Each structure stands twice: as structure tokens, then as C-alpha cells.
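Here the structure is a predicted model, which is why all the values come from computation and not from measurement. Residue numbers start from 1 in every chain, and the chains themselves are labelled A, B, ... in the order their sequence lines are given, proteins ahead of strands.
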There are 2 protein chains.
Amino acid sequence: MEILELETFLPYRLYRLADAVSREFSRIYKDRHGLTRPEWRTLAGLGQHGTMTATALGEQSAMHKTKVSRAVAELERRRWLTRKPDEKDRRIEHLTLTGTGLAAYREMVPLTKAFERDLLAGLSAEERTAIASGLAALETSLVPSKG
Amino acid sequence: MEILELETFLPYRLYRLADAVSREFSRIYKDRHGLTRPEWRTLAGLGQHGTMTATALGEQSAMHKTKVSRAVAELERRRWLTRKPDEKDRRIEHLTLTGTGLAAYREMVPLTKAFERDLLAGLSAEERTAIASGLAALETSLVPSKG
DNA sequence: TTTAGATGGTTACAAATGAAACCAGTTTGG
DNA sequence: CCAAACTGGTTTCATTTGTAACCATCTAAA
């Protein structure tokens with residue numbers, strides 16, 4: 001009889017690892033600022049790119065548009081971002097972080113980098129290369145935007 | 001000003017990849033049998049090990065005990081598994097797949113293996129090795145049970 | 001014993017999510 | 001022009017999830 005060994009099954013390993021990393025990482029934005037993951041990603045997207053539309057945010061950070069919509073609404077409620085309607089196309093809104101939003105972003109960036117550094121701290125140079133190239137290979141083979 | 005590049009940030013890449021893989025993989029158990037992920041994992045755990053307790057299931061497949069509890073309840077409702085109280089400790093229940101549950105498991109196993117094969121199909125031998133060792137390195141550095 | 005604390009598992013409640021319907025506004029083809 | 005189809009974004013509803021509280025049972029220490 002054919003058996004599946006869950007522990008070595010790639011989709012399961014990937015998910016469990018991502019889940020554990022993500023859970024740990026969420027402390028940075030959740031414990032400190034009470035943000036959800038979509039809210040954090042929205043902040044990160046705007047912090048990185050300055051001004052974006054909701055659609056662009058969804059594409060950049062791989063979120064469904066309902067998640068983006070809700071995250072934007074919440075950040076707006078906090079006055080961490082503002083919407084500016086597009087001149088030409090009135091369906092579109094341009095989103096930008098306020099001073100407060102930008103300040104929160106700036107405060108978190110070093111923490112996120114430290115987190116990543118710590119995560120890789122125990123690994124050898126070869127192992128890090130392995131992760132980089134392994135992920136890249138899977139991404140091109142699967143993630144639509146990267147295909 | 002310090003910026004975080006989301007696209008190359010490890011936690012984000014991991015999560016997005018796992019999410020995409022998982023979403024694709026879920027077709028096997030969701031579309032065909034209407035199972036949720038916890039239900040699928042429960043099935044997979046019992047298929048692999050024969051008989052387990054809820055706690056053991058949670059440990060093996062990295063699920064919170066409420067997820068396990070609900071998944072077990074649903075699989076029991078479908079008559080895909082049965083509970084047998086422990087003789088010595090009456091808090092514990094031993095879970096086993098029924099014939100129907102086992103049949104569903106047996107039907108899915110080849111599909112899951114084919115999925116994994118396809119996922120890796122486009123990659124070179126080096127890339128596969130890279131994934132294996134990269135994940136392993138991160139796992140030992142992070143996932144509690146593997147630490 | 002008795003009792004305080006652990007442990008296996010369930011439940012209640014609030015929050016997060018996804019799918020689909022929806023409401024502008026915009027483009028396209030006749 | 002004008003309707004059909006499309007697009008950006010929001011809302012609704014059902015389902016899933018996480019946290020915490022909760023039973024019941026078991027263990028250990030006084």
C-alpha cells in the first residue's frame with residue numbers, strides 16, 4: 001500500500017516553514033502596532049514605493065483585492081495613509097503614507113532586517129545560497145507573476 | 001532612508017510561495033472531496049500512521065488543537081474515521097480511518113505524489129538539492145519540533 | 001486522602017478570510 | 001451615440017481561524 005510521508009512532502013514542509021516564520025515575524029507588526037498581515041504588507045508596499053493604487057498593492061504583495069481594500073480602510077482610519085482620486089480615471093485612488101504612517105514604517109524596517117538576519121544567522125554560506133536558489137527555482141516554476 | 005524590498009524579503013517570499021503551492025495543491029482534496037486543509041492533514045496523518053490521538057496528530061502535522069478537534073469531528077461525521085477511548089486514560093481517544101476514509105486516502109496519495117513530481121519537474125538536479133538543503137537548514141534553525 | 005496543577009479535548013466568541021455580488025466609472029464595438 | 005463588456009474598488013455573507021475559557025480526567029505533592 002502506498003503511503004505519503006507528510007514530513008518530507010514538499011508542499012507541507014513549505015507551508016509549515018512559512019507559517020512558523022510568518023508567525024514569528026508577525027510579532028514585529030502585530031505586538032507592537034496591532035497590525036494584521038495585510039495591513040503590514042500595505043504599509044510595506046507604500047513605504048517602499050511611495051504612492052500606489054490598491055490594484056498595484058495587490059499585485060506587488062500577492063494579496064486578494066478584498067484584503068487590500070480592508071487593509072487600506074484600516075490604515076486610513078488610523079490616519080497612516082491618505083487617498084487621492086486620480087485626475088483622469090475616477091475609479092482609481094492613489095495611496096500615500098502620512099507622516100505618522102511613514103514614521104511607523106521607518107521604525108519597523110530595521111527590525112524586519114534584523115529578523116531576517118537572525119533567521120539566517122545559524123546557516124552556512126552554502127545553505128544561504130541553497131535557499132536563495134531553491135526558492136528562486138520554485139518561484140519561476142510556480143508563482144504566476146514570476147513565471 | 002532605509003527601505004525594505006518586499007520581493008526579496010525571505011519571510012515574504014517563503015509565505016507567498018507556500019501560499020501559491022498550497023492553494024494549487026488544495027485542489028486535490030478540496031475540489032474532489034470538499035476537505036479543508038486540517039481535514040486533509042488529519043486524513044494524511046492517520047493514513048500514514050494507522051492510529052493516532054488528537055494530540056499526536058497536532059504535533060505531527062503542525063496544527064493547533066482546535067483545528068484538529070474540528071477536523072476530527074468533521075471526518076467522524078463523514079464516517080471516515082472512528083474514535084476509540086483509551087482503556088487506561090479516559091481523556092484520550094484513539095483515532096482510526098474507516099474503510100471509506102482509507103479508500104479516500106488511497107485514492108489521493110498517488111495524486112499528491114504526482115503533484116510534487118510536477119512541481120519539481122521543471123527544475124534541475126542542483127535546484128532540487130538546493131531546495132532540500134535550504135529548507136532543511138531553515139527548519140532546524142526555526143521550526144520548534146525540528147530544532 | 002485531598003487538592004492544586006497538568007493534560008486531552010471541546011466550545012464560545014471575535015476576528016480574518018474568500019467567493020461572489022455589487023457599484024461606480026471607463027472602454028469598445030456596432 | 002449607446003449598450004455590452006471590463007476594471008477599480010467595496011460590501012455582504014458564509015466559512016475558517018485564533019484565543020481563551022472551559023470540562024473532564026489524571027498526576028503529584030502535602
Among all residues two or more places apart in sequence or in another chain, which pass the side chain to side chain contact (heavy atoms under 4.5 Å, CB included) test with T129(A)?
none
Listed partners of E5(A) passing side chain to side chain contact (heavy atoms under 4.5 Å, CB included), at least two apart
E7(A), T8(A), Q48(B)
Pairs involving residues 68-83 of chain B, ordered by first then second residue, that meet salt bridge (charged side-chain N to carboxylate O under 4.0 Å, His left out) (sequence neighbours left out)
E74(B)-R77(B), E74(B)-R78(B), E76(B)-R83(B), R83(B)-E93(B)
Could you give all pairs that pass the salt bridge (charged side-chain N to carboxylate O under 4.0 Å, His left out) test and reach residues 39-49 of chain A, with sequence neighbours left out?
none
Please name all residues satisfying ring-ring contact (aromatic ring centres under 6.0 Å, His included) with Y29(B), sequence neighbours left out, ordered by chain then number.
F25(B), W40(B)
Sequence neighbours excluded, which residues qualify as side chain to side chain donor-acceptor pair (under 3.5 Å) partners of T66(B)?
H64(B)
Partners passing side chain to side chain donor-acceptor pair (under 3.5 Å) against H49(B) (at least two apart in sequence or in another chain):
none
Using whole Å, report how far [atom1] of [X] lies from [atom2] of [N].
X: E93(A); N: dT7(D); atom1: CD; atom2: P; result: 19 Å
X: Y15(A); N: dT17(D); atom1: OH; atom2: C1'; result: 10 Å
X: E59(B); N: dT7(C); atom1: CD; atom2: P; result: 11 Å
X: I92(A); N: dT26(C); atom1: CD1; atom2: P; result: 9 Å
X: M52(B); N: dG9(C); atom1: CE; atom2: C1'; result: 15 Å
X: K65(B); N: dA20(D); atom1: NZ; atom2: C1'; result: 10 Å
X: E76(A); N: dG9(D); atom1: CD; atom2: C1'; result: 13 Å
X: K84(A); N: dG9(D); atom1: NZ; atom2: P; result: 14 Å

Could you list the donor-acceptor pairs under 3.5 angstrom formed between side-chain atoms of residues 107-115 of chain A and any protein atom two or more places apart in sequence or on another chain?
unit_1  : atom_1 : unit_2  : atom_2 : d
E107(A) : OE1    : H33(A)  : NE2    : 3.3
E107(A) : OE2    : R32(A)  : NE     : 3.1
E107(A) : OE2    : R32(A)  : NH2    : 2.3
T112(A) : OG1    : V109(A) : O      : 2.6
K113(A) : NZ     : I3(B)   : O      : 2.9

Give me the distances for all protein-to-nucleotides 25-28 of chain D N/O pairs that come in under 3.5 Å?
unit_1  : atom_1 : unit_2 : atom_2 : d
dT25(D) : O2     : R91(B) : NH1    : 3.2
dC26(D) : OP1    : K88(B) : O      : 3.2
dC26(D) : OP1    : R90(B) : N      : 2.7

Output for pair (T51(A) OG1, K84(A) NZ), nearest 0.5 Å, gives 7.5 Å
Enumerate donor-acceptor pairs with a distance under 3.5 Å from any side-chain N or O in residues 116-127 of chain A to protein atoms, sequence neighbours excluded.
unit_1  : atom_1 : unit_2  : atom_2 : d
E116(A) : OE2    : L10(B)  : N      : 2.9
S124(A) : OG     : E126(A) : OE1    : 3.4
S124(A) : OG     : E127(A) : N      : 3.1
S124(A) : OG     : E127(A) : OE1    : 3.4
E127(A) : OE1    : S124(A) : N      : 2.8

What does the B/S/- profile of nucleotides 12-18 of chain C look like, 5' to 3', with a 4.0 Å heavy-atom cutoff to protein?
BB--SBB
Note the angle between the end axes of the helix from dT1(C)-dA30(D) to dG30(C)-dC1(D), five pairs defining each, rounded to 10 degrees.
10°
Quick check: do L95(B) and L57(B) have side-chain heavy atoms less than 4.5 Å from each other?
yes
